[in-house]
Amino acid sequence: MKYLSFFALLFHAVSVYAQTNDANQVVKSTADSISNTNKHDDMENRFFTRKQFADGFGKEIVAARQVYERRKKDGIKDYALATYDFDFISDSKNKLDSLRDFLAVNYSYKIKEIKKVNEYWELTGDATEFPVDEDNLRYWVLDLYAKGYEFDCKLDGYGAMADPKNQNFPDLNMTLYDHYFELAMDAYNKKNSGMAVINFSTAIKIKPADPNAWYSRAIAKDELHTWKAARQDYDKAIELAPDFTDAIVNRAANKDEAGEYDEAIKDYDRAIELEPKNAMAYFNRGNSKFNKNDKSGACEDWTKAKDLGAGYAQKRINDNCK
C-alpha cells in the first residue's frame with residue numbers, strides 16, 4: 001500500500017504510520033493554497049481573477065449543499081452512485097483546450113467539443129461515477145472549481161440525473177479497503193484531490209480505525225483549501241496513533257498557516273520529542289518561531305535542521321540569521 005506525505009511549509013517526504021514493515025511508500029504531489037495556487041498569477045487581464053476565486057469559494061460550498069439537499073429531497077440516499085456532467089467557460093479556447101487535455105488524461109473525464117457560446121468559450125463533459133453524500137459532492141465541486149482557476153477557466157455549472165427507483169451503491173466489503181486506498185492514491189498523484197478525498201472517505205467507511213486514511217485525507221483536504229476540515233482529520237489520525245510523527249508535523253503546519261503559532265510549536269515540540277533527529281520538525285518550528293518574531297529561536301532551529309542534514313535550511317539562515 002502507498003501513502004501520502006505532505007509538509008505544508010516546505011516540501012514532501014515519505015511517511016506512514018507503520019502498522020506493517022513492508023509498505024511501499026511514494027510521494028508525488030504539490031502543495032496548494034488560495035494565496036499561492038496558480039501558474040497564471042503573473043498573467044495580466046485574467047478571465048477568472050484570484051479575487052473572484054476567493055470570493056466565490058464559499059459560494060461554491062453553499063451551492064453544492066443546495067444541490068445535495070435537492071438530491072436528498074428527491075429520495076436519493078447517501079452514497080448512491082452518480083455521474084455528474086459539468087461545464088466551464090473562459091475567454092480563450094486555448095485555455096479550455098489545456099483544461100480539456102488535463103481532465104481527459106488525468107481524470108479520465110469524457111470531454112465534448114469546445115464551442116463558442118455568446119461572448120465566451122464553453123467546455124462540457126461527464127465526470128467519472130462516484131458515491132455522493134454532502135461531503136463527497138462538496139469536494140468534487142471544490143476540486144473542479146480550483147482546477148478551473150488553475151487554467152483560468154470558471155466552473156459554470158454541473159448536474160446529474162437521479163432516479164430514486166434505481167439506486168446503486170459501492171461495495172463496502174472489508175476486503176476492498178486497500179482497493180479504495182489505492183484509488184485515492186492514484187487520484188491524488190494525478191492531482192485529482194476531489195476524488196482522492198472521496199476514495200479515502202470510502203476507505204474510512206470500511207476501516208475507520210486506520211490512521212493512515214484519516215491522515216491522507218487530511219492532506220487532500222488541505223490542498224483543497226479546507227484547512228479546518230483537514231485539521232479534524234489530522235486530529236483523528238493522531239487520536240488513533242498518538243506517536244504518528246508526520247501527522248503531528250502536518251497538523252503543526254496546518255496550525256501555522258492558520259496563524260496559530262503557539263499551538264503549532266507545541267506540536268513541533270511533540271514531534272521532536274518523538275523523533276529527536278527530525279530535521280523537518282526543527283526547520284518548521286523555526287518558521288513558526290520566526291512568524292512570532294522570535295528570530296533567535298528560529299535561527300537556532302534552522303541551524304539544528306541544517307546540522308541534521310536539511311540543506312534547505314541554509315537559505316533561511318543566510319536571509320535571516322546575520
Side-chain angles (χ1 to χ4, degrees), residues 1-8 12-32 78-81 107 128-143 169-255 267 271 274:
M1 184 184 296
K2 301 173 183 178
Y3 303 88
L4 297 183
S5 178
F6 168 76
F7 293 99
H12 308 282
V14 171
S15 72
V16 57
Y17 182 71
Q19 294 176 313
T20 64
N21 294 321
D22 59 352
N24 294 318
Q25 302 168 26
V26 67
V27 180
K28 295 178 183 177
S29 148
T30 301
D32 296 332
D78 274 358
Y79 247 63
L81 295 165
Y107 286 28
T128 54
E129 187 178 62
F130 67 92
V132 180
D133 61 11
E134 184 175 356
D135 282 347
N136 285 357
L137 183 59
R138 178 192 308 122
Y139 284 103
W140 178 81
V141 170
L142 290 180
D143 180 78
F169 301 86
D171 188 348
L172 300 181
N173 187 286
M174 179 65 73
T175 62
L176 292 175
Y177 174 81
D178 286 354
H179 168 71
Y180 288 113
F181 201 108
E182 291 297 333
L183 286 177
M185 282 298 306
D186 182 62
Y188 184 83
N189 288 337
K190 292 178 178 176
K191 303 186 184 302
N192 187 348
S193 296
M195 283 305 299
V197 169
I198 290 166
N199 283 307
F200 282 131
S201 295
T202 303
I204 287 169
K205 281 181 174 292
I206 293 172
K207 192 189 293 186
D210 185 355
N212 292 301
W214 293 95
Y215 165 70
S216 298
R217 190 176 72 172
I219 294 167
K221 287 182 177 181
D222 250 333
E223 294 205 358
L224 287 173
H225 324 305
T226 54
W227 64 269
K228 290 183 179 179
R231 176 85 60 84
Q232 292 173 351
D233 281 358
Y234 286 130
D235 287 345
K236 185 63 177 180
I238 295 165
E239 175 190 326
L240 292 167
D243 59 347
F244 195 166
T245 307
D246 290 315
I248 295 170
V249 171
N250 283 10
R251 184 176 70 178
N254 178 291
K255 291 177 178 179
D267 271 349
L274 289 168

Could you walk me through whether Ser201 and Asp135 pass the side chain to side chain contact (heavy atoms under 4.5 Å, CB included) check? CA-CA 9 Å; Ser201 295; Asp135 282 347; 5.9 Å; no
Applying side chain to side chain donor-acceptor pair (under 3.5 Å), name anything that partners [X], two or more places apart in sequence or on another chain.
X      : value
Ser193 : none
Trp214 : none
Glu129 : none
Asn173 : Thr175

Walk me through whether Phe169 and Leu81 qualify under side chain to side chain contact (heavy atoms under 4.5 Å, CB included). CA-CA 6 Å; Phe169 301 86; Leu81 295 165; 5.7 Å; no
Go through the structure and list residues passing side-chain contact (heavy atoms from CB on, under 4.5 Å) with [X], not counting sequence neighbours.
X      : answer
Gln232 : none
Ala187 : Asn192, Met195, Ala196
Ala229 : Tyr139, Lys221, Thr226

Closest contact, heavy atoms only, Leu224 versus Val197: CD1-CG2, 4.4 Å
Ile248 to Asp267 - nearest heavy-atom pair and separation: CG2-O, 3.2 Å
Qualifying residues under ring pair (Phe, Tyr, Trp, His ring centres under 6.0 Å), relative to Tyr79, sequence neighbours excluded: none
What I'd like to find out is whether the side chain of Pro170 reaches to under 4.5 Å of the side chain of Tyr180, using heavy atoms alone. yes
Is a side-chain donor-acceptor pair under 3.5 Å present for Asp143 with Tyr107? yes
Kindly list each side-chain donor-acceptor pair under 3.5 angstrom involving residues 235-242, sequence neighbours excluded, with atom names and distances?
from	atom 1	to	atom 2	distance (Å)
Asp235	OD1	Arg251	NH1	2.9
Lys236	NZ	Glu239	OE2	3.4

Specify whether Phe244 and Tyr215 have parallel, tilted or perpendicular ring planes, treating 30° as the upper limit for parallel and 60° as the lower limit for perpendicular. tilted
When you look at Phe200 and Ile219, which way does the side chain to side chain contact (heavy atoms under 4.5 Å, CB included) test go after all the steps? CA-CA 11 Å; Phe200 282 131; Ile219 294 167; over 6 Å; no
Listed by chain and number, what are the salt bridge (charged side-chain N to carboxylate O under 4.0 Å, His left out) partners of Asp186, not counting sequence neighbours? Lys190
